[in-house]
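Only one structure is covered here, and it is reproduced in the block below.
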Amino acid sequence: MALPTFFHNARLFDGENEAKNGMTVAVEGERIVEVAPDSEALRGAEGEHVDLGGKTLMPGMTQGHWHPDYGGLRLADVGKLYLGTQSPPSYLAAVCVENLNYAIQSGVTNVVGAACSFDNDVAMKMAIADGRIPGPRIRPSGLHINSSGNENEPNSFWLPAPPREDGMQIIGQELYADGVEGMRKAVRHQLRRKVEVIKIFPSGGHGIDYPEDMRSMTRDELATVIETAHDHGAIVRGHVTTKRHMLEAVELGMDIVDHGDGMDDEVIEAMVKHGTHYVPSMLFLKKLMPSGEGDLARSTQLQPVVRSFENLREMLPRIHAAGINIVPGDDFGLEFMMHGYGNYAEELEVYVNDCNIAARDVLTWATRNGAKMMGLGNDGGLIQKGRLADLIVVDGDPLADIGILRRPLETLDLVMVGGKTYKDRLARV
Ligand SMILES: [Zn+2]
């Protein structure tokens, strides 16, 4: 049996509380086996010993809105072609491998899928488990489940599309179905393929050129999707932006609100009551603002985007104060916000700098809250004895300057997922 590894002299951020200096954390197998103040006894214990010299040891982070196969997707193409048809399937799989490597080398130890083409999330999860490629733990998603004619139907309806089979149509990342029976079949089609996160589009908005008040799923369709997923232990997340659509989906038990541009106090109250997770993904909106790199790509959407960004800036501290489980995660892989070393931390900075949330709280969203949304329960997200050893070591103090997480090639010294090491440049003593 492998001996434990002791990390001494850590500045410990456990995922929740004030950081503490002079701490020792020990890892054995896949778990954390000790968290205690430095002591001679621990330094003398049998095992491997590392002196962190005051570097920060903290839980690994979660990216809560993961598109594994986006690798430079042009916003101008969204709405013109079906997502997932921009490249051949095996090319997209190569993009996944590249993106998973960026994530793990950026300190992201968990990702929660928000849709992918083919079976990419599930297949990558298998390849990581078999040790073929490096990558974080994945809670896999699958295809967008859409009703016909929703915002994920390209405008070019005159081009040939594959025939419907068994009432469903699958093109790239999109699955189209209609009616209660159609939705049940669509969800079961995904569940059979080991998808654990069903992604739906109850409304438009959030930069998507589509009337925000248009309702793309009936109440019965929505209820069927949620019930069918829950029957199998899967969860449902929805791109949903208007108050009316949010309230309906939350009350029916949808698990994750994505974006939520039109958030208000009534929606907050409903989310608290139902324990709904929230993924704001505000970096995307910020990038579409007149000052951002993505601006003008969607001129008709500029005003709604500005309105959404300003509303969420105001609401986010209230959503946080209400105790909603907020998790960072954004549409990385679009042309102006690529997956890449440290890019995920750019989103964290938005919450600190634009929304006035304390860095420690944002890091709690990314660690403790992320693990909850991963479904790890009390098994991840915090540096505590008995929990999974998902941890990173940062040379510097991200609680004082969250921006250092944008330079992982320089500042990240250790990345560990369930005791398995993906990066380690720390010297043993
Ligand atoms: Zn997305």
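First listed ligand is number 1; within each ligand, the first listed atom is number 1. In this chain, residues are counted from 1 in sequence order.
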Discussion item. Only to 10 degrees, please: what angle do the NE2 atom of H67 and the NE2 atom of H65 make about the Zn ion (ligand 1)?
Written reply: 100°
Item to complete: Quick one: sort the H339 and Y344 rings into parallel, tilted or perpendicular, breaks at 30° and 60°.
Response: perpendicular
Worksheet item: Does D258 bring an N, O or S atom to within less than 2.8 Å of the Zn ion (ligand 1)?
Response: no
Item to complete: Give the minimum heavy-atom separation between G64 and V327, together with the two atoms involved.
Response: CA-CG1, 4.0 Å
Discussion item. So, taking the atom named NZ in K243 and the one named CG in D265, what distance separates them when rounded to the nearest 0.5 Å?
Written reply: 9.0 Å
Worksheet item: Does the side chain to side chain donor-acceptor pair (under 3.5 Å) test come out yes or no for T411 and D395, once each step is laid out?
Response: CA-CA 5 Å; T411 62; D395 188 1; over 6 Å; no
Item to complete: Tell me which N, O or S atom of D331 sits nearest to the Zn ion (ligand 1).
Response: OD1
